[in-house]
Protein chains: 2
Amino acid sequence: MRLIVARCEVRYSGRLTAVLPEALRLLMIKSDGSVMVHADTGGFKPQNWMTPPTVIEEEGEPPVRIVVRKRAGASEDRLDIVIAEVVSDVVHDMGEAAALEKDGVERDLQEELAAAPHWCGEGFRLVRREWPTDIGPVDLMCRDADDAWVAVEIKRVATIDAVEQLTRYLERIRLDPAMGACRGVLAAQAIKPQARVLAESRGIACVEVELAVLRGEREPDLTLFAA
Amino acid sequence: MRLIVARCEVRYSGRLTAVLPEALRLLMIKSDGSVMVHADTGGFKPQNWMTPPTVIEEEGEPPVRIVVRKRAGASEDRLDIVIAEVVSDVVHDMGEAAALEKDGVERDLQEELAAAPHWCGEGFRLVRREWPTDIGPVDLMCRDADDAWVAVEIKRVATIDAVEQLTRYLERIRLDPAMGACRGVLAAQAIKPQARVLAESRGIACVEVELAVLRGEREPDLTLFAA
DNA sequence: ACTTAGATTTCGCCG
DNA sequence: CGGCGAAGTCTAAGT
């Protein structure tokens, strides 16, 4: 990884055009070809960047200009860095860093709900995870206490888009006469108010679940008030 | 901006939990409180991070542990960095860097189409930008050559979601008896094939536009074949 | 190669 | 401060 602190001006052209006036910034060049231009503020996001694969050209010693190119379909993405002053320019060999291990993403929520579908509705039994339709798989297909079909869509945060998605699935599923009465349930750690309104207006039930509760790490909030 | 190159292990807990095993990485600490953990690969995205506002605690000299905290609603986001070896630790004062000036985003497309709505359909005249409905504003509301209402949704890249969004708007708009026959037009720099199919199956017209053409920087491709 | 859906999405605007 | 829509979204997975 190469870290250059320099006074520079940056121009991007590609999907849009953008200009950064001359200022002191960090240029981060990773060994995979990524190039990022960071200011000292602005949080997480670089002011400008290019994702791999890239071709990097450099002029001067110390560098006075760095051009990063990328083939993107018919046109070209191009990052043009003009350097007025180099304050620091160092290279660190970092080797391979192990990947991030995450826990708590949607997939984990789906696993827990598949193992205990009663959290989605009383008496629910799992028929199949990733039930296929011709426009994509439904997260869970269950039968309820009356043996009726229920399609469950799982999100970490459910927005109006999740309701649209489940609605599309239900349209397809109900084309099968045997499943013409299939219900829908939206299960999520958090459900946005407008998503809830739209869902209920379409007869789709909403259930908020907590991963920690599903895992039995603690009792439902209900117990906080039980004493 | 502080740049630390160090062998370290990182644990995040908050919206989810995540672990990074010990390896050589770059720790970037911005003066606005942002903290990012970058590996030498993986492109644009840090392996782990925390956005401002944060509280940063540090132990040891050189540092052996850095804890970054954030209040996020009821619970706490926490980034725990345990440092085994510091290879480099430097601070650069970068002052204020000017913001990025972008051109070519959806907003720009909307401005051009508002100024020349005939690109959306023959004889179109603009009635209002950001026409309000109870579920959000429609990009453009126009009248066509026959004085009929037309709602225009503008995207840079139109996917199936754009069709759903315009469909929701049309549902609401048509509740008004005076606009019961309001048509829909999807205008975008690029329209995905599946979005086009869904749109046309719902009677929504599709128009692909080019920003450069709208600005008159060059003639439509048509002229390429006119000679 | 293209499309779809997730993300600790982040970011910005507007109420 | 919360909700919603855009993003050069990026990225991984499936087809």
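These numbers were taken from a predicted model, which means no experiment stands behind them.
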Requested in this report: Return the nearest nucleotide to the side chain of Leu100(A); candidates are dC10(D), dT8(C), dC11(C).
Outcome: dT8(C)
Report task. Begin from the C-alpha positions of Glu208(A) and Arg196(A) and carry the test side chain to side chain contact (heavy atoms under 4.5 Å, CB included) through to its verdict. Result -> CA-CA 11 Å; Glu208(A) 282 194 356; Arg196(A) 186 182 295 272; 3.3 Å; yes
Query - Within-4.5 Å side-chain heavy-atom neighbours: Met1(A) and Val5(B) - result: no
Query raised in the report: How about Glu57(B): does its CD atom have over 12 heavy atoms from other parts shown lying under 6.0 Å from it?
Result: yes
Report task. Send over the distance from Gln47(A) CD to dG12(C) C1', rounded to a whole Å. Result -> 16 Å
Query raised in the report: Taking atom C1' of dA6(D) as reference, at what distance in whole Å does atom CG of Asp108(B) sit?
Result: 13 Å
Report task. Using atom types as modelled and distance alone, determine if a side-chain donor or acceptor of Glu22(B) lies under 3.5 Å from a backbone N or O of Arg7(B). Result -> no
Query raised in the report: Over how many whole Å does the gap from Ile191(A) atom CD1 to dG3(D) atom C1' extend?
Result: 16 Å
Report task. Would you please determine if the base of dT10(C) is stacked by Phe44(A), with stacking meaning a centroid separation under 5.5 angstrom and planes under 30 degrees? Result -> no
Show the distances under 3.5 angstrom between N or O atoms of the protein and N or O atoms of nucleotides 3-7 of chain C.
residue: dT4(C); atom: OP1; partner: Gln194(B); partner atom: OE1; Å: 2.8
residue: dT4(C); atom: OP1; partner: Gln194(B); partner atom: NE2; Å: 3.4
residue: dG6(C); atom: OP1; partner: Glu106(A); partner atom: OE1; Å: 3.4
residue: dG6(C); atom: OP1; partner: Glu106(A); partner atom: OE2; Å: 3.4
residue: dG6(C); atom: OP1; partner: Lys155(A); partner atom: NZ; Å: 2.5
residue: dG6(C); atom: OP2; partner: Lys155(A); partner atom: NZ; Å: 2.6
residue: dA7(C); atom: OP1; partner: Glu106(A); partner atom: N; Å: 2.9

Query raised in the report: Are the side chain of Asp40(B) and the backbone N or O of Ser31(A) linked by a donor-acceptor pair below 3.5 Å?
Result: yes
Report task. Say whether, by atom type as modelled, one donor and one acceptor occur between the side chain of Asn48(B) and the main chain of Arg11(B) under 3.5 angstrom. Result -> no
Query raised in the report: Under 6.0 Å from the six-membered ring centre of Trp149(B) and within 45° of its axis: does the NZ or CZ of Arg183(B) meet both?
Result: no
Query - Whole-Å gap separating P (dG5(D)) and CZ (Arg129(B)) - result: 18 Å
Report summary line: DNA chain C nearest-nucleotide lookup for Tyr12(B) and Thr51(B): closer to the 5′ end is Tyr12(B)
Query raised in the report: Can you tell me how far P in dT8(C) sits from the matching atom in dG5(D), rounded to whole Å?
Result: 22 Å
Query raised in the report: On a whole-Å scale, what distance lies between the P atoms belonging to dC10(D) and dG12(C)?
Result: 16 Å
Query raised in the report: What's the CE-P distance between Met50(B) and dT10(C), to the nearest Å?
Result: 11 Å
Query raised in the report: How does DNA chain D read in dot-bracket, base by base from 5' to 3', with Watson-Crick or G-U pairs under 3.5 Å and | used when the partner is on another strand?
Result: |||||||.|||||||
Query raised in the report: Atom CD of Gln110(B) and atom C1' of dG5(D): how far apart are they, to the nearest Å?
Result: 12 Å
Query - Close side-chain approach of Arg65(B) and Asp80(B), heavy atoms under 4.5 Å - result: yes
Report task. Tell me, yes or no, whether the heavy-atom count around Glu96(A) atom CD, taken from other residues, nucleotides or ligands under 6.0 Å, exceeds 12. Result -> no
